[in-house]
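In this chain, numbering begins with 1 at the start of the sequence shown. Note that this is a predicted model, so its numbers are computed, not measured.
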Amino acid sequence: MPKLLSLSRAARLAGVSRGELQKKVRKECVETFEGKLTVDVLVSLYPHIDMERDPILERVRLIKQEARPKAHYSDGWMPDPQVLMSRLKAFQHTLVQTKSSLNASENLLSETSSDLQSALNAPDEKLRAEVEHCIQKLSGAMDRLGRASDAKAALFAKDAMLKIVSASVRLLPSGHEFFLEGNDSILESGLKAGLYLDYGCTSGNCGACKCKVVSGAVRKLRNHDYVLSAKEQEEGYVLACSNTAISDLVVEVGEAGVAETLPYQEIRAQVKKVELVGESLALIHVQTPRTHSLRFKAGQSVSVTTEDGRSADLYIASCPCDGRNLQFIIFREDEVGFGDAVFDATLARQTVLLEGPMGGFVLQEDSTAPTLFLAKEGGFSPVKSLVEQAITIDNAEGLNLIHIGGNPAGSSLENLCRSWNDSLDNFSYTSTANDISADELAQLLFNATTDSERVEVYIAGPATWLENVRDAASRKGLDTGGWYTEATDR
């Protein structure tokens with residue numbers, strides 16, 4: 001049976017996003033086997049892949065360029081020497097098998113050619129002509145073996161390179177897949193991929209991230225205080241926060257689904273920076289302790305209390321893939337008491353108490369449908385988190401963000417949205433005037449949801465505005481019953 005590639009790995013080899021590949025598979029009505037593709041199918045979908053520009057090597061270059069050095073290894077982009085040697089040994093085994101197959105093919109061609117040469121001594125003139133023709137074909141095949149460089153061979157080489165610099169991790173029972181790069185732990189890579197893996201302390205003390213390795217090899221990154229029983233170790237259990245992957249893995253692990261409630265948490269964190277975005281908007285950067293990240297879902301909120309007792313329920317404006325570094329967006333006119341501490345510069349460097357998470361305005365992360373996000377005023381905070389989560393998961397065929405009023409021109413938030421639009425093939429960003437009418441907005445939504453049966457819609461903003469948009473969209477013929485909405489002024 002031909003080798004099968006998961007959609008994640010196939011997308012990486014082709015140098016496209018997973019969402020783009022899924023869209024192409026659906027458009028071309030390509031048959032898959034349990035959601036996987038053969039190399040032949042991948043080459044047929046992307047016959048003009050630029051083999052000279054290897055996306056894997058380009059990714060490695062960017063990781064190295066952007067990585068922050070860590071104390072216990074060199075520069076963050078490559079595995080440590082022991083992991084790298086283990087992967088190179090596996091790669092050596094693959095090369096030996098491949099070379100053995102080539103050697104066997106060469107021997108077969110040589111022997112066949114020799115046998116046919118002997119047959120030329122046969123008296124039958126027609127037989128000799130046929131044999132001579134076969135010899136010519138075999139000689140041509142042998143010549144091509146020495147200079148073979150077809151698309152499938154190039155994909156094989158890229159796949160081999162990918163397995164050296166990263167490992168694929170597939171989770172059971174969800175089937176989610178992500179790539180573990182550098183010297184990250186299984187837990188760190190899973191969170192960076194936007195998955196809601198079970199964990200607690202992230203430092204090996206609580207055992208909440210315990211998982212079972214079904215296949216593949218792992219290596220312990222650090223010692224941990226939590227003790228696994230002898231039976232658990234025998235059955236393949238490890239702590240996801242303290243182990244990395246040596247080879248591709250299949251792991252049984254706990255994950256929180258859309259409907260599951262994450263545990264209530266109380267964390268004291270530090271305000272690292274208050275960034276003023278225009279005259280009436282501020283972006284707050286908060287960092288939790290290294291041993292206690294905040295578990296939350298994109299679109300949720302937490303209660304934030306300052307040292308002097310001022311408190312506000314704030315939507316988290318950052319991605320759950322990094323539970324240590326959180327962002328909150330504050331409007332000067334909202335939450336007056338708390339906002340004063342932000343804009344008079346007294347909040348910076350303070351310790352704040354985070355309590356939560358709260359809310360059910362969350363992403364349907366397993367959906368592959370095109371997704372539209374619409375935000376106004378305070379609704380941009382949860383929507384920004386949802387968008388970052390959707391980009392991280394890379395499941396949706398297309399992402400469309402419409403921001404009513406937009407962000408101040410030239411601000412970091414506006415530049416971020418523009419960068420998504422410029423760098424992602426399946427992303428579209430539109431900023432409109434703040435006073436756009438509900439009917440005009442309904443027309444904009446109608447144009448953006450031509451495939452309305454498949455598009456998922458997430459809208460956040462003031463309650464009255466939400467109702468007006470919903471009514472106008474219904475009059476336009478749009479089905480608003482399946483929309484996910486969040487009133488941000490309750």
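Ion pairing between a basic and an acidic side chain is recognised when a charged N comes within 4.0 Å of a carboxylate O; Asp184 and Lys192 show such pairing. Salt-bridge annotation for Glu397 and Arg26: present, with a side-chain N of the basic residue lying under 4.0 Å from a carboxylate O of the acidic one. Remark: Asp308 engages Arg310 in a salt bridge, criterion side-chain N to carboxylate O under 4.0 Å. Using a 4.0 Å cut-off between charged nitrogen and carboxylate oxygen, Glu388 and Lys384 count as a salt-bridge pair.
Take Lys297 and apply the salt bridge (Lys or Arg N to Asp or Glu O under 4.0 Å) test, not counting sequence neighbours, and it matches no residue. Remark: Arg219 engages Asp80 in a salt bridge (Lys or Arg N to Asp or Glu O under 4.0 Å) (not counting sequence neighbours).
The closest side-chain heavy-atom distance from Leu354 to Leu326 is below 4.5 Å. Residues Thr38 and Leu5 form no side-chain contact, since every pair of their non-hydrogen atoms from C-beta on lies 4.5 Å or further apart. For the pair Val251 and Val214, the minimum side-chain heavy-atom distance is 4.5 Å or more. With contacts defined as side-chain heavy-atom distances shorter than 4.5 Å, the pair Ser412/Glu275 qualifies. Side-chain contact between Arg9 and Leu42 is absent, with no heavy-atom pair separated by less than 4.5 Å. Looking at heavy atoms from C-beta onward, Leu374 lies out of side-chain contact with Val457 at the 4.5 angstrom threshold. With a 4.5 Å cut-off on side-chain heavy atoms, His292 and Thr202 do not count as touching. Side-chain contact between Val362 and Gln300: present, with at least one pair of heavy atoms (C-beta onward) separated by less than 4.5 Å.
The distance from atom CZ of Phe361 to atom OH of Tyr484, rounded to the nearest 0.5 Å, is 10.5 Å. Atom NZ of Lys36 and atom OG1 of Thr32 lie 11.0 Å apart (nearest 0.5 Å). Atom CG of Leu21 is separated from atom CZ of Arg12 by 13.5 Å, given to the nearest 0.5 angstrom. Distance check, rounded to the nearest 0.5 Å: OG1 of Thr371 to CG of Asn426 gives 9.5 Å. Gln287 CD to Asp322 CG: the interatomic distance, rounded to the nearest 0.5 Å, is 8.5 Å. Between the CG atom in Leu413 and the CZ atom in Phe380 there is a gap of 5.5 Å [rounded to 0.5 Å].
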TODO: Decide side chain to side chain contact (heavy atoms under 4.5 Å, CB included) for Tyr429 and Ile402; before the verdict, give the C-alpha distance in whole Å, the side-chain angles of both, and the deciding distance to 0.1 Å.
DONE: CA-CA 6 Å; Tyr429 170 60; Ile402 301 175; over 6 Å; no
TODO: Could you go through the salt bridge (charged side-chain N to carboxylate O under 4.0 Å, His left out) check for Asp425 and Lys23 one step at a time?
DONE: CA-CA 12 Å; Asp425 293 333; Lys23 184 176 182 179; over 6 Å; no
TODO: Given side chain to side chain contact (heavy atoms under 4.5 Å, CB included), test His176 with Asp366 step by step and report yes or no.
DONE: CA-CA 9 Å; His176 291 148; Asp366 286 330; 2.6 Å; yes
Open item on the list: Determine whether Glu486 and Tyr315 satisfy the following criterion, side chain to side chain donor-acceptor pair (under 3.5 Å), listing intermediate values before the conclusion.
Closed with: CA-CA 11 Å; Glu486 178 78 350; Tyr315 290 98; 2.7 Å; yes
Task: Stepwise side chain to side chain contact (heavy atoms under 4.5 Å, CB included) check, Ile284 with Ile329 - done: CA-CA 6 Å; Ile284 306 174; Ile329 298 175; over 6 Å; no
TODO: Dump the intermediate steps for side chain to side chain contact (heavy atoms under 4.5 Å, CB included) on Ser8 and Phe179, then the final yes or no.
DONE: CA-CA 9 Å; Ser8 296; Phe179 289 92; 3.9 Å; yes
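Remark: the backbone N or O of Glu181 is not paired with any side-chain donor or acceptor of Ser166 at under 3.5 angstrom. Between the side chain of Ser247 and the main chain of Ala217, a donor-acceptor pair closer than 3.5 Å is present. Looking only at distances, no side-chain donor or acceptor of Thr244 sits under 3.5 Å from a matching main-chain atom of Asn183. Under the 3.5 Å distance criterion, the side-chain polar atoms of Arg349 are matched with a main-chain donor or acceptor of Lys272. With Glu255 contributing its side chain and Val253 its backbone, the two residues share no donor-acceptor pair below 3.5 Å. Under a 3.5 Å cut-off, the side chain of Ser419 and the backbone N or O of Leu416 do form a donor-acceptor pair. Side-chain N or O atoms of Gln350 include one that pairs as donor or acceptor with a backbone N or O of Glu307 at under 3.5 Å. When atom types are taken as modelled, the side chain of Glu235 and the backbone of Glu232 share no donor-acceptor pair closer than 3.5 angstrom. A side-chain donor-acceptor contact under 3.5 Å links Gln389 to the backbone of Gly194. No donor-acceptor pair under 3.5 Å is formed between the side chain of Asp198 and the backbone N or O of Ala208.
Heavy atoms only, all atoms of each residue included: Gly207 and Leu239 are closest at CA-CD2, 4.0 Å. Taking each heavy atom of Ala298 and Pro320 in turn, the nearest pair found is N-CG, 3.3 Å. The two residues Cys211 and Ala240 have their closest heavy-atom pair at SG-CB, 4.0 Å. Shown here for Thr392 and Ala193, the closest heavy-atom pair between the two residues is CG2-C, 3.3 Å. Residues Ala390 and Leu399 share a closest heavy-atom pair of CB-CD2, 3.9 Å. Across all non-hydrogen atoms, the minimal contact from Ala269 to Thr288 is CB-CA, 3.9 Å.
Using a 3.5 Å distance cut-off with no hydrogens or angles, the side chains of Gln270 and Thr351 do not pair a donor with an acceptor. Counted by atom type alone, Ser311 and Thr305 present one or more donor-acceptor pairs between their side chains at under 3.5 Å. Using modelled atom types and a 3.5 Å distance limit, the side chains of Arg18 and Gln22 yield a donor-acceptor pair. For the residue pair Glu456/Ser367, the side-chain donor-acceptor check at 3.5 Å is satisfied. Residues Glu177 and Ser168 have side chains that bring a donor and an acceptor to within less than 3.5 angstrom of each other. Counting only N and O atoms by type, the side chains of Tyr264 and Glu355 include a donor and acceptor under 3.5 Å apart.
Both tests do not hold together for Arg295 against Tyr196: distance to the six-membered ring centre under 6.0 Å, angle to the ring axis within 45°. In this structure, Lys24 satisfies the cation-pi test against Tyr46, with its NZ or CZ atom closer than 6.0 Å to the six-membered ring centre and inside 45 degrees of the ring normal.
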